[in-house]
2 protein chains.
Amino acid sequence: MTPVVRALAFDVFGTVVDWRSSVIAELEDFGTRHGVQRDWAAFADDWRAGYSPAMDRVRRGELPWTRIDDLHRGRLVELLSAAGITVDDAGIDELNRAWHRLNPWPDAVAGLTRLKTRFVITTLSNGNVSLLTDMAKHAGLPWDCVLSAELFRHYKPDREVYLGCADLLGVAPEEVMMVAAHPSDLRAARDAGLRTGFVFRPAEHGPNRTLRRPAEGEFDVLADDFCDLADQLTA
Amino acid sequence: MTPVVRALAFDVFGTVVDWRSSVIAELEDFGTRHGVQRDWAAFADDWRAGYSPAMDRVRRGELPWTRIDDLHRGRLVELLSAAGITVDDAGIDELNRAWHRLNPWPDAVAGLTRLKTRFVITTLSNGNVSLLTDMAKHAGLPWDCVLSAELFRHYKPDREVYLGCADLLGVAPEEVMMVAAHPSDLRAARDAGLRTGFVFRPAEHGPNRTLRRPAEGEFDVLADDFCDLADQLTA
């Protein structure tokens with residue numbers, strides 16, 4: 001790989017952590033504690049399905065800047081109501097913080113630890129700073145720093161996020177490689193001048209949704225996991 | 001100590017790292033490489049002496065937002081010129097990055113590692129994000145996240161910095177303890193509603209300047225170093 005990459009900026013939900021199995025486990029635990037049974041996998045998928053539309057409302061200016069914690073909570077309140085589940089505010093807050101406690105993919109910590117020896121490694125997520133910070137503590141993610149859309153008051157794929165990341169790191173956009181499991185994120189990063197590293201996470205949406213690998217050559221690097229990424233970047 | 005403190009926000013220059021001996025060593029190395037001899041201790045003190053006045057110009061609105069790297073560089077150019085030292089731009093940039101390579105006080109990494117098990121630990125420095133990130137890699141500082149005045153476009157002791165830190169961490173101001181070796185920083189933090197932890201660093205300004213301990217009771221905690229701070233906060 002080119003030696004001019006100085007920093008790797010990681011998408012987090014789906015790329016570093018397995019949000020789906022983590023949230024399902026949290027919901028199952030919640031159900032046990034509150035004595036309710038539902039299809040928690042479907043609940044988790046519905047919860048996540050509210051994520052992009054809510055951010056898009058912020059991106060279009062229909063909502064003022066709102067952090068992900070609050071977008072997640074708004075969706076959760078709707079879903080609990082629709083499911084006929086009554087919980088007090090503290091219980092809702094506690095469940096909403098499931099997103100602060102997501103578990104990493106099995107290769108994530110080992111791969112990041114290797115990559116950190118050679119590159120600055122940062123988050124570049126739509127998750128808010130406190131969510132990402134709590135998650136790093138929970139999951140043992142060895143970030144050099146925690147950058148978030150929240151710092152720029154723009155959500156990915158807005159260009160401001162990618163350019164703002166390079167600016168805060170004190171490097172040129174082409175010295176940053178965006179690493180993500182989502183082609184749309186990488187295409188926007190590329191349009192802003194960043195390098196791109198795709199990591200294939202076929203299990204992100206569970207066993208019933210098949211994800212395809214992108215075409216060879218669309219991104220600068222195509223990796224099967226973070227250890228493969230470290231191999232390819234000779235970290 | 002009160003159990004409601006959830007995060008510790010650390011001043012960095014002088015509190016976590018020994019800027020003076022680090023910068024003197026960098027200047028000595030610079031002198032050797034460029035074949036010039038000067039009083040590098042005095043040069044380091046003069047360099048640092050430009051720091052507060054330059055930030056104050058930003059704080060008063062006489063300068064637009066300017067990151068510390070650029071304030072440091074402006075002062076360095078003046079001092080090199082006054083000392084009759086000619087260096088090319090790359091050499092100036094390299095020397096200016098001495099502030100990215102400061103060494104920690106001997107107790108800093110051990111103390112932070114203990115405190116991290118119990119609290120969220122973050123920088124809250126006037127240094128810019130890339131400076132703090134590089135320094136953490138250089139010195140092995142185990143921050144949970146890297147917060148900087150740069151994110152708020154206000155320098156300490158502006159209130160926006162302390163309140164902005166609590167906001168990004170998703171906690172109330174009184175749930176954050178500012179930790180610093182400088183009473184002025186702590187007084188401003190306290191005025192913004194934060195808790196205060198003073199760490200005594202009598203060697204910050206070298207052997208010829210005597211620093212006094214603040215009065216008992218002025219701050220919530222008065223510690224001799226980060227290990228003592230960890231003891232007092234039962235981390």
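Since the structure is predicted, the reported quantities are computational estimates derived from the model, not experimental observations. A, B, ... follow the sequence lines: proteins, then strands. Residue 1 opens every chain.
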* Might you point out which heavy atoms bring A/S130 and B/G170 nearest each other, and give the distance in Å? => CB-N, 4.0 Å
* Close side-chain approach of B/T122 to A/V146, heavy-atom, < 4.5 Å -> no
* Would B/R67 and A/D167 pass as an ion pair if we require N to O under 4.0 Å? -> yes
* **Between CG on residue B/D134 and SG on residue A/C145, distance to nearest 0.5 Å** => 9.5 Å
* Output the option from A/V129, A/T133, A/L168 having the highest count of non-hydrogen pairs under 4.5 Å with chain B. => A/L168
* Heavy-atom donor-acceptor pair, B/K137 side chain to A/K116 backbone, under 3.5 Å -> yes
* Structure fact -> Honestly, the part of A/N128 sitting under 4.5 Å from a heavy atom of chain B is neither
* To do: Using a 4.5 Å cut-off on heavy atoms from C-beta on, say whether the side chain of B/E150 contacts that of A/L151.
  => no
